[in-house]
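Scroll down for the structure; my scribbles are underneath it.
The sequence lines fix the lettering, A, B, ..., with proteins before strands; numbering per chain opens at 1.
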Amino acid sequence: MSLVLYDTRMRSKVPFAPIEPGHARVYTCGPTVYAPQHIGNMRSQLFADTLKRALLADGLRVTHVINITDVGHLTHDDVDQGEDKMEAAAEKSGRTAAEVAAEYTEQWRVDRERLGCLPPEVLCKATDHIAEQLVLIGELEERGYTYRIEDGVYFDTAKFDRYAEFAGLDLAAEAEGARIAAVEGKRNPSDFALWKFAEASVVRQQEWDSPWGRGFPGWHVECSAMSRRYLGEHFDIHTGGVDHIKVHHTNEVAQSECAFAETPWVNVWMHNEFLTFGEEKISKSKGHVLAVADLIEQGIEPLAFRYFILQAHYRQQQAFTVEAAQAAATGYRRLLAQAAELRGATGAADPARCEPFESRFRAAMADDLNTPRALAVVFDVLKSDALEPADRRDLLTEFDASLGLGLADAEVADLAQESDPRIDALLEERQAARKNRDFATADRIRDELAAEGVEIIDTPEGPRWQRK
RNA sequence: GGCGCCGUAGCCAAGUGGUAAGGCAGAGGACUGCAAAUCCUUUAUCCCCGGUUCGAAUCCGGGCGGCGCCUCCA
């Protein structure tokens, strides 16, 4: 079954066909590691991971590259002064930019892993690829696409006549609405920096020599340079958040197509919509960030959050509320419990019985990664009278390769695996009371244990307990 | 000012022309001494108005409302 993916450039769903048969090459715009990565950022990763799993399930080899932006991403406060996010964060915390980058890269990596995201084949940092970026800038200069002003080396977007095409921009209107003053000397409002010069008056931790003078790379150039190194000058899929379409990806396309003379440079562009937070905005600049660790604190395990995200389509804004996430967590735990129980099923599955469910599941995933529909199939598998336990067991295992929810290795919750003589004694006392129909005593014991967070579960084999 | 997205049950959401997936919550039932857990059953005509059509949540027009981007953001 071949995948059909929504391509931002074509503005429609297109059948996916890898450039190199059997091999998909994917580039994902990763985090700028100057601050904690919040759960909205992680939605992007979950989307990219879902894509990767879909490609793998389709039998393709996948080379997935994710970049770490650790230099060159400017703050909005004062573009003219070129304040770099990494530098600003370092200064603020009294550490080096490298230390800041290392901390948040690690947090991001750990969160990604907790969320069940497969590791990328290549994880590359902008600062490790300055040379590649300089080469690219040099090539653009040779071909006459750049100009130099006091502030740095800029890409002349007027020289690339398809500039506005990618994002369907109305450049004049965009410029009119710009809420930020343009850098002095830029020829066109949409021109962007390839290399920014270090200013004598500003002490920077991150700066390098270049043919044009000491400085640091602009934000966009890293993605073109690094994808070229690891994926070549023409590859299959590039992913990122919708916020990147108009500026970051438009600029990447411009510099890449001009430097590589490949059109299109990337075959399919995919963008995930945002997680929205109602009143509680979590834009980084406003300081409200909710990270995976915060979810865990609220009792929402990472994979339950993954389940929550899979409940909505990636191209749709999804409303995050703690209530909704907790509801998802409840559903996820039930799903997990059923999956765990099914692992004990014996016998072989019947391919004929499984086939209809498999094809529905695959059709959902193949239709631009429709995970909500795929999840509905999962629940049908659990409920359908047409299936035997062994069928369900195998189907869940198979589906989980695409979902990454840990269903394939779910374990039956081992109640009362910790032993506590006091609690066990109380349970026995309660059983005795129940036998004597002294329910007042029995309920009192249950209430007391509940008050300290111990839940009694009566089963046909007798009472058990667990800490909540 | 420009561009784009969205508005489906209490909540999170699928569905893009043929008569409303799924999850959570709620209700009823089974089980239980009572609960919890579990299982079964059950709950919407799709923001409003007008149009196209044999037929629209789905297409078109006009409202109202929410969000995003154009500036760092996934």
Side-chain angles (χ1 to χ4, degrees), chain A residues 11 28-32 34-35 37-48 69 73-77 79 83-85 88 167-181 189-190 219 239-248 250 271-278 281-286 289 307-321 323-332 334-335 337-338 360 364 370-380 383 415 433-435 437-440 442-443 446-447 450 455-460 463-464 466:
Chain A
R11 287 182 179 55
T28 293
C29 272
T32 301
Y34 69 104
Q37 294 298 301
H38 55 66
I39 58 176
N41 294 311
M42 298 322 281
R43 184 186 192 191
S44 244
Q45 293 300 315
L46 286 168
F47 151 60
T69 300
H73 211 152
L74 305 180
T75 64
H76 65 296
D77 298 320
V79 168
E83 191 185 8
D84 184 294
K85 288 183 165 201
L169 301 176
D170 175 343
L171 291 177
E174 294 284 338
E176 194 181 319
R179 285 169 284 166
I180 182 167
S190 52
W219 172 36
T239 80
V242 284
D243 55 316
H244 280 156
I245 298 170
K246 282 191 167 183
V247 178
H248 187 46
T250 287
H271 296 93
N272 64 283
E273 255 297 349
F274 276 23
L275 200 56
T276 62
F277 296 82
K281 296 224 175 186
I282 60 153
S283 59
K284 291 179 188 176
S285 54
K286 287 178 182 158
V289 293
Y307 172 79
F308 171 75
I309 292 298
L310 292 179
Q311 281 187 313
H313 186 83
Y314 77 89
R315 269 192 302 122
Q316 221 55 53
Q317 288 182 2
Q318 181 177 18
F320 178 88
T321 62
E323 185 197 1
Q326 276 168 345
T330 301
Y332 174 67
R334 284 185 191 157
L335 177 59
Q338 295 191 68
R360 278 176 57 211
N370 195 321
T371 53
R373 238 163 68 202
L375 280 178
V377 177
V378 168
F379 283 95
D380 282 349
K383 280 189 301 196
L415 296 178
R434 292 178 72 196
K435 210 167 216 171
R437 303 195 68 78
D438 177 4
F439 298 122
D443 291 349
R446 184 171 65 196
D447 292 344
E455 185 183 23
I456 291 179
I457 297 155
D458 288 325
T459 74
R464 314 179 75 171
Q466 68 179 6

Annotated protein contacts, base or backbone, on nucleotides 18-27 of chain B with a non-hydrogen cut-off under 4.0 Å, one of B, S, - each: ---BBSSS--
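Residue side chain A/Lys246 reaches the base of B/rC69 through a donor-acceptor N/O pair under 3.5 Å, judged by distance alone. Judged by distance alone with a 3.5 Å cut-off, a donor-acceptor contact links the side chain of A/Arg446 to the base of B/rA35. Judged by atom type and distance alone, A/Arg437 does not reach the base of B/rG33 through any side-chain donor-acceptor pair under 3.5 Å.
The interatomic distance linking A/Arg43 (CZ) with B/rC12 (P) rounds to 14 Å, in whole Å. Straight-line distance from the CZ atom of A/Arg434 to the P atom of B/rC34: 10 Å, rounded to whole Å. In this structure, A/Arg11 atom CZ and B/rU16 atom P are separated by 21 Å, rounded to whole Å. Rounded to a whole Å, the CG atom of A/Asn272 is 17 Å from the P atom of B/rC5. Between A/Arg315 atom CZ and B/rC67 atom P the separation is 22 Å, expressed in whole Å. The interatomic distance linking A/Phe320 (CZ) with B/rA13 (C1') rounds to 15 Å, in whole Å. Spacing between atom CD of A/Gln317 and atom P of B/rG4 amounts to 15 Å, rounded to whole angstrom units. A/His313 has its NE2 atom 11 Å from the P atom of B/rU16, to the nearest Å.
Nearer to the 5' terminus of RNA chain B, by closest-nucleotide assignment, is the contact made by A/Ala440 (compared with the other of A/Gly240 and A/Ala440). The nearest heavy atom of RNA chain B to A/Val242 and to A/Ala442 marks one nucleotide each, and the one closer to the 5' end goes with A/Ala442.
Closest to the side chain of A/Gln316, out of B/rA74, B/rG33, B/rC5, is B/rC5. Here the nucleotide nearest the side chain of A/His244, chosen from B/rU32, B/rA74, B/rC11, is B/rA74.
To the nearest whole angstrom, the two C1' atoms, one in B/rG10 and one in B/rU43, are 11 Å apart. Nucleotides B/rA74 and B/rC69, compared at atom P, are 11 Å apart to the nearest Å. Taking atom C1' in both B/rC47 and B/rA9, one finds a spacing of 14 Å when rounded to whole Å. Taking the C1' atom of each, B/rC49 and B/rG65 are spaced 15 Å apart, rounded to whole Å. Spacing between B/rC24 and B/rG63 at atom C1', rounded to whole Å, works out to 34 Å. When the P atom is compared between B/rG68 and B/rG28, the two are found 40 Å apart, to the nearest whole Å.
Within the shown strands, B/rG29 is the pairing partner of B/rC39 under the Watson-Crick or G-U definition, both distances less than 3.5 Å. Taking a pair to require two hydrogen-bonding distances under 3.5 Å in either a Watson-Crick or a G-U wobble arrangement, B/rG65 pairs with B/rC6. A 3.5 Å limit on both hydrogen-bonding distances identifies no Watson-Crick or G-U partner for B/rU53. Checking B/rC46 for Watson-Crick or G-U wobble geometry (two distances, each under 3.5 Å) identifies no partner in any strand. In a base pair of the Watson-Crick type (N1 to N3 plus N6-O4 or O6-N4) or a G-U wobble (N1-O2 and O6-N3), with each distance short of 3.5 Å, B/rU58 is matched with no nucleotide. Searching all strands for a Watson-Crick or G-U wobble partner of B/rC34 with both distances below 3.5 Å returns nothing.
Residues meeting the side-chain contact (heavy atoms from CB on, under 4.5 Å) test with A/Ala376, sequence neighbours left out: none. Judged as a ring pair (Phe, Tyr, Trp, His ring centres under 6.0 Å), and not counting sequence neighbours, the contacts of A/His271 are A/His249. Considering only residues two or more places apart in sequence or on other chains, A/Arg334 meets the salt bridge (charged side-chain N to carboxylate O under 4.0 Å, His left out) condition with none of them. In this structure A/Arg446 satisfies the salt bridge (charged side-chain N to carboxylate O under 4.0 Å, His left out) test together with A/Asp443, sequence neighbours excluded. By the salt bridge (charged side-chain N to carboxylate O under 4.0 Å, His left out) test, A/Asp243 pairs with no residue at all, sequence neighbours left out.
Residues A/Thr321 and A/Ala324 approach most closely at OG1-N, 2.9 Å, considering heavy atoms.
The side-chain heavy atoms of A/Pro372 and A/Gln311, taken from C-beta on, include no pair separated by under 4.5 Å. A/Tyr314 is not listed as a side-chain neighbour of A/Thr371, based on a closest heavy-atom distance of 4.5 Å or more.
In this pair, A/Tyr332 and A/Tyr307 present their aromatic rings tilted. The plane angle is within the 30 to 60° band.
Across all strands shown, A/Gln318 has heavy atoms under 4.0 Å from sugar-phosphate atoms exclusively, and none from any base. At a threshold of 4.0 angstrom between heavy atoms, the contacts of A/His271 with the nucleic acid are absent. A/Asn370 comes within contact range of the sugar-phosphate backbone alone, with a heavy-atom separation under 4.0 Å but no base atom that close. Across all strands, A/Phe47 comes closer than 4.0 Å to no nucleic acid atom at all (heavy-atom distances).
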